[in-house]
Amino acid sequence: MKNVVMLQHLDHFAIGQILESGQVFRFERVSESSYLLIAKQRLIKIMQQPHSSSVLIHNTTISEVDDLWSQYFDLDTNYHNIATVLSHKDEHMKKAVAFGQGIRLLRQDPWEMLISFIISQNKAIPHIKACIKNLTQQFGFPINEADGEGNYYFTFPTPKELGRATEEELRACKVGFRAPYIMDACQKVLNGEILLNDLYFLSIEEARKKLMMIKGVGPKVADCILLFAYSKMELFPTDVWIKRVIEGLYFGGKTIPIKEIQKFAEDYFGDLRGYAQQYLFYYARENALFKPVK
DNA sequence: GCACAGGGCCAAT
DNA sequence: ATTGGCCCTGTG
């Protein structure tokens, strides 16, 4: 890891909150102020002291920051305005936004998000991370740079690479009943039935419908893909955490159907509901809010 | 040690 | 429209 780039005067950028808010799975926490991240076929180390507006990125260059990381970290979006609007909704949102101060919505790779969120269903985040790591080690290729301690990391396998896997090989990566789902995704992408690059230009409803043609992709998984890869900020993926935190904060703990929760989010958060979802997810999960008591 | 739930979805009723 | 089952694993 040789080249180091320093970014200064970053507004609303906290690497810990960004990576730990459940939108990305290919990272490792090295210390409180240091993370390894695998993205864009690269391995970088990001260092940021808590509450600092400066960030050090190891193993990259200025031109890569301009060409890759600026877009990946959504540096052109003004999060000050977003955070201000959401904070003024009510006291709950004020707390959630303050807690998640520095969160940004990453612009990630559609294929990686597709497979990652197929795997995510009915799994806990550490387990999701482990499965994805297994897949990359089995079917990706080594990134030409170690982490400084001799550990090697792997690219996310392409549709072609992953498409060569048998169901047994996939199950050996601990993905369980999702193995046929992954195979179906590979097949539909490889045979051109799903053109991931075209989804950028479709309406949300059309893109959603396309993604849900893949086995194992339902409404929640499709919304995560569209939010985290295609930057459809007017989506509000509603998982168990979001469902419980919305019910807890806005419906007195009453059980509410997911459809109604989505409608509430649309009316209440408007076009900012993708951001609201991210703050609320991080807030609820980190603080274990509204977990059913045993 | 065992029951349970985890960034849900499918298939059968 | 509703519901049981699901691979696997960390947590209680």
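Quick caveat, the model's predicted, so the values are computed rather than measured. Chain A is the first sequence line, chain B the second, and so forth, proteins listed ahead of strands; every chain is numbered from 1. Worth knowing before you read on, the calculation uses all heavy atoms, side chains too, and leaves out hydrogens, waters and symmetry mates.
Contact annotation: side chain of A:Asn122 to base of C:dC7, donor-acceptor pair present below 3.5 Å. Contact annotation: side chain of A:Arg178 to base of C:dC6, donor-acceptor pair absent below 3.5 Å.
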Exercise. Please lay out, stage by stage, how A:His92 and A:Tyr283 fare under the test ring pair (Phe, Tyr, Trp, His ring centres under 6.0 Å).
Key: CA-CA 10 Å; A:His92 302 311; A:Tyr283 180 56; 8.4 Å; no

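In this model, the phosphate group of B:dA5 is not approached by any side-chain N or O of A:Arg244 to a distance below 4.0 Å at OP1 or OP2.
Taking the six-membered ring where tryptophan is involved, the planes of A:Tyr250 and A:Phe264 are tilted, since the angle between them lies from 30° to 60°.
Only A:Gln277, A:Gln278, A:Phe281, listed by number, bring a heavy atom of residues 267-289 of chain A to less than 4.0 angstrom from any atom of DNA chain B. Residues of residues 97-106 of chain A having a heavy atom closer than 4.0 Å to DNA chain B: none are found.
The cationic atom of A:Lys129 (NZ for Lys, CZ for Arg) lies less than 6.0 Å from the six-membered ring centre of A:Phe27 and within 45° of the ring axis.
Of all heavy-atom pairs between A:Cys173 and A:Phe139, the closest is SG-CE1, 4.1 Å. Of all the heavy atoms in A:Phe156 and A:Glu112, the pair that sits closest is CD1-CG, 3.5 Å.
When rounded to the nearest whole Å, the span between CD of A:Gln23 and P of B:dG7 equals 15 Å. Rounded to whole Å, atom P of C:dC7 lies 14 Å from atom CG of A:Leu170.
Of the candidates B:dG7, B:dA11, C:dT9, B:dA11 carries the atom nearest the A:Lys215 side chain, counting heavy atoms from C-beta on. Side chain of A:Lys123, nearest nucleotide from C:dC7, B:dG7, C:dT9: C:dC7.
The nucleotide B:dC4 finds its pairing partner in C:dG10, both defining distances of the Watson-Crick or G-U wobble pair being shorter than 3.5 Å.
Other residues, nucleotides and ligands contribute at most 12 non-hydrogen atoms within 6.0 Å of the NZ atom of A:Lys215.
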